[in-house]
S.K.: 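Please read through the structure below; I'll follow up with questions.
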Amino acid sequence: MTIRKLFTSFAVGLVFGVGLIVSGMSNPAKVLGFLDIAGRWDPSLALVMAGAIGVGLVAFRVAGQRPRALLGDAMQLPTSREITPRLIGGSLLFGVGWGLAGICPGPALVLLGMGVPQGVLFVAAMLAGMALFTFLERGKR
Amino acid sequence: MQVNFEAFTPFSALAGGVLIGLAAAAFVLLLGRIAGISGMLGGLIERAADWPLRLAFVLGLIAAPALYALLAGGLAVPEVSASPLTLVVAGLLVGVGTRYASGCTSGHGVCGLSRLSPRSLVATLTFMAAGFATVFVVRHLLG
């Protein structure tokens, strides 16, 4: 693990986080306004996805044609194509949690970085949920 | 459907989305990885061999508000209306759910859809539908 790769990862995290703040994704009220299609709907987050995917489509097309990344590591892209019950069940649980608080994992870390107490509590519960997954699944692998 | 035009922020939404896309692009082109936050955290918890790289990304996300405040000359800290109990339940569900689903809004929603992955399309449609349904129940049936 070179310093250059670590710094790159940190810098990318910074840009990602600034993008979350600029876009409004790190504001739970705005996320809930998007999820509330039966109320007064705020379509903003559809444009966040459109902007991100517009850039991503080009980047992943280029990445898919390269055996290695520019800093030397092998491309580590997921290969699984199976639609499994755990994919759907997990996404359902995640969606319910997202709809309850208006917070998903990236924005949770940004709220933590803002020093928002609710963000700290959410991140602690989220990490506990992830640890629970590891505990439940460890024996099976 | 009634659109809330006062709350609609098309330009900042698109600009922020492009920044998120550029970050995901840089991550895959430079490091060959998917910028998925739940996977990054999950790997940290499981002490994956590449944990320093994951930790560096997570620290970048946490430091982002400081950088934003520096560049923009200030930062509006959002109000979070959810109660502590709701936050704990929601956090647990998000933690367990994203690990079983192998991804969240970033890994499936941004990177997976950009890769045209059928798995990510199913995951994204599922968690969006669950999110819409949950807000409908909380705001319009219970609220």
Side-chain angles (χ1 to χ4, degrees), chain A residues 1 6 8-10 12-19 21-23 27-28 35-36 38 40 42 44 47-48 51-53 55-57 59-60 63 69-71 73 75-76 83 86 88 90-101 104-106 109 113-114 118 121-122 125-126 129-130 133, chain B residues 4 7 9 13-14 16-21 23-28 30-33 37-38 42 45 52-53 56-57 60-62 64-65 68 77-78 80 82 87-88 90-101 104-106 110 113-115 122-123 126-127 130-131 134-136 140:
Chain A
M1 198 68 60
L6 287 177
T8 302
S9 189
F10 177 75
V12 170
L14 270 176
V15 175
F16 199 108
V18 169
I21 298 169
V22 170
S23 67
N27 181 353
L35 291 176
D36 189 8
R40 299 190 67 225
D42 175 1
S44 306
L47 290 177
V48 181
I53 292 169
V55 177
L57 277 171
F60 281 97
L70 292 169
L71 295 186
D73 287 349
M75 280 289 168
Q76 299 177 35
I83 311 290
R86 71 163 46 202
I88 294 174
S91 296
L92 279 174
L93 293 180
F94 164 43
V96 172
W98 192 35
L100 284 176
C104 57
L109 294 172
M114 288 180 183
Q118 292 99 328
L121 183 61
F122 184 93
M126 177 174 76
M130 290 177 168
F133 163 84
Chain B
N4 185 351
T9 50
L14 205 56
V18 167
L19 277 178
I20 294 168
F27 210 53
V28 72
L30 293 170
L31 293 166
R33 290 150 191 272
I37 318 299
S38 60
I45 288 173
L53 204 71
F57 186 94
L61 269 180
I62 294 173
Y68 179 93
V77 174
V80 182
L87 288 165
V88 168
L92 283 170
L93 287 170
V94 169
V96 173
T98 53
R99 294 300 288 140
Y100 273 103
C104 58
T105 339
S106 48
V110 174
L113 293 189
S114 294
R115 293 171 53 234
V122 170
T126 306
F127 69 67
T134 302
V135 171
F136 182 76
H140 301 288

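Just so we're on the same page: letters track the sequence lines, and every chain starts at 1.
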S.K.: How far does CG of Leu6(A) sit from CZ of Phe57(B), to the nearest 0.5 angstrom?
M.R.: 13.5 Å

S.K.: Could you tell me whether the side chain of Ile20(B) reaches within less than 4.5 Å of the side chain of Ser23(A), counting heavy atoms only?
M.R.: yes

S.K.: For residues Ser44(A) and Ala7(B), report the shortest heavy-atom separation together with the two atoms involved.
M.R.: OG-O, 3.9 Å

S.K.: Check step by step if side chain to side chain contact (heavy atoms under 4.5 Å, CB included) holds for Val48(A) and Leu14(B).
M.R.: CA-CA 5 Å; Val48(A) 181; Leu14(B) 205 56; over 6 Å; no

S.K.: Considering only heavy atoms and a distance below 4.5 Å, find which of Leu113(B), Leu30(B), Thr105(B) pairs most often with chain A.
M.R.: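 Looking at each of Leu113(B), Leu30(B), Thr105(B) in turn, Leu30(B) comes out on top.
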
S.K.: Less than 4.5 Å apart, side chain to side chain, heavy atoms only: is that true for Thr98(B) and Met130(A)?
M.R.: yes

S.K.: Looking only at heavy atoms, what is the nearest atom pair of Val96(A) and Ala130(B), with distance?
M.R.: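 The pair with the smallest heavy-atom distance is N-CB, 3.9 Å.
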
S.K.: Would you mind checking which part of Val88(B) comes under 4.5 Å of any heavy atom in chain A, side chain (CB onward), backbone (N, CA, C, O), both or neither?
M.R.: both

S.K.: Less than 4.5 Å apart, side chain to side chain, heavy atoms only: is that true for Asp73(A) and Arg33(B)?
M.R.: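 Yes. Closest side-chain heavy atoms under 4.5 Å.
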
S.K.: Can you tell if the side chain of Ser106(B) reaches within under 4.5 Å of the side chain of Phe16(A), non-hydrogen atoms only?
M.R.: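 Yes - at least one pair of side-chain heavy atoms lies under 4.5 Å apart.
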
S.K.: For a side chain to side chain contact (heavy atoms under 4.5 Å, CB included) check, start with the C-alpha distance between Leu92(A) and Phe127(B), then their side-chain angles and the critical distance, and finish with the verdict.
M.R.: CA-CA 5 Å; Leu92(A) 279 174; Phe127(B) 69 67; over 6 Å; no

S.K.: Report the distance from atom CE of Met126(A) to atom CD1 of Ile37(B), rounding to the nearest 0.5 Å.
M.R.: 9.0 Å

S.K.: Minimum heavy-atom separation for Gly129(A) to Val96(B), with atom names?
M.R.: O-CG2, 3.2 Å

S.K.: Which atoms form the tightest heavy-atom contact between Gly90(A) and Ala101(B), and what is the distance?
M.R.: C-CB, 3.8 Å

S.K.: Heavy-atom pairs under 4.5 Å with chain B - which of Leu100(A), Leu35(A), Val22(A) has more of them than the others?
M.R.: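 Among Leu100(A), Leu35(A), Val22(A), the one with the most close pairs to chain B is Leu35(A).
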
S.K.: So that I know where these two stand, are Tyr100(B) and Phe133(A) an aromatic pair - ring centroids less than 6.0 Å apart?
M.R.: yes

S.K.: With respect to chain A, which residue among Ala25(B), Gly21(B), Gly42(B) yields the maximal number of heavy-atom pairs within a distance under 4.5 Å?
M.R.: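 Between Ala25(B), Gly21(B), Gly42(B), the count favours Gly21(B).
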
S.K.: Is a side-chain N or O of Ser114(B) found less than 3.5 angstrom from the main chain of Phe60(A), in a donor-acceptor match?
M.R.: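 Side chain of Ser114(B) to backbone of Phe60(A), a donor-acceptor pair under 3.5 Å: no, none is there.
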
S.K.: Side chain to side chain contact (heavy atoms under 4.5 Å, CB included), that's the test. Do Thr134(B) and Trp98(A) meet it? Break it down for me.
M.R.: CA-CA 8 Å; Thr134(B) 302; Trp98(A) 192 35; over 6 Å; no

S.K.: Under a 3.5 Å distance rule, please check whether Ser9(A) uses its side chain to pair with a backbone N or O of Leu53(B) as donor and acceptor.
M.R.: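 Indeed, once roles are kept as given, a pair shorter than 3.5 Å links the two residues.
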
S.K.: Is Ile45(B) in contact with chain A via its backbone, its side chain, both, or neither, using a 4.5 Å heavy-atom distance?
M.R.: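 The side chain, not the backbone.
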
S.K.: Would you please test Phe27(B) and Thr8(A) for side chain to side chain contact (heavy atoms under 4.5 Å, CB included) and show each step?
M.R.: CA-CA 8 Å; Phe27(B) 210 53; Thr8(A) 302; 6.0 Å; no

S.K.: As an exercise: rank Leu19(B), Leu61(B), Val18(B) by heavy-atom pairs under 4.5 Å with chain A and give me the winner.
M.R.: Leu61(B)

S.K.: Under 4.5 Å, counting heavy-atom pairs only, tell me which of Val15(A), Ile88(A), Ile53(A), Asn27(A) racks up the most with chain B.
M.R.: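 Most pairs with chain B among the choices: Ile53(A).
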
S.K.: Counting heavy-atom pairs closer than 4.5 Å to chain B, which one of Ala101(A), Gly99(A), Gly106(A), Ser91(A) comes out on top?
M.R.: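 Highest number of pairs under 4.5 Å: Ser91(A).
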
S.K.: Given heavy-atom pairs under 4.5 angstrom as the criterion, report whether the side chain, backbone, both or neither of Leu121(A) touches chain B.
M.R.: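 For Leu121(A), side-chain heavy atoms alone lie under 4.5 Å from chain B.
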
S.K.: Does any part of the side chain of Pro28(A), heavy atoms only, come nearer than 4.5 Å to the side chain of Pro78(B), both counted from C-beta?
M.R.: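 Pro78(B) reaches Pro28(A) side chain to side chain.
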
S.K.: So do the side chains of Phe122(A) and Val80(B) get within less than 4.5 Å of each other, counting heavy atoms only?
M.R.: no

S.K.: Would a 4.5 Å heavy-atom cut-off, applied to side chains only, mark Met75(A) and Val28(B) as touching?
M.R.: yes

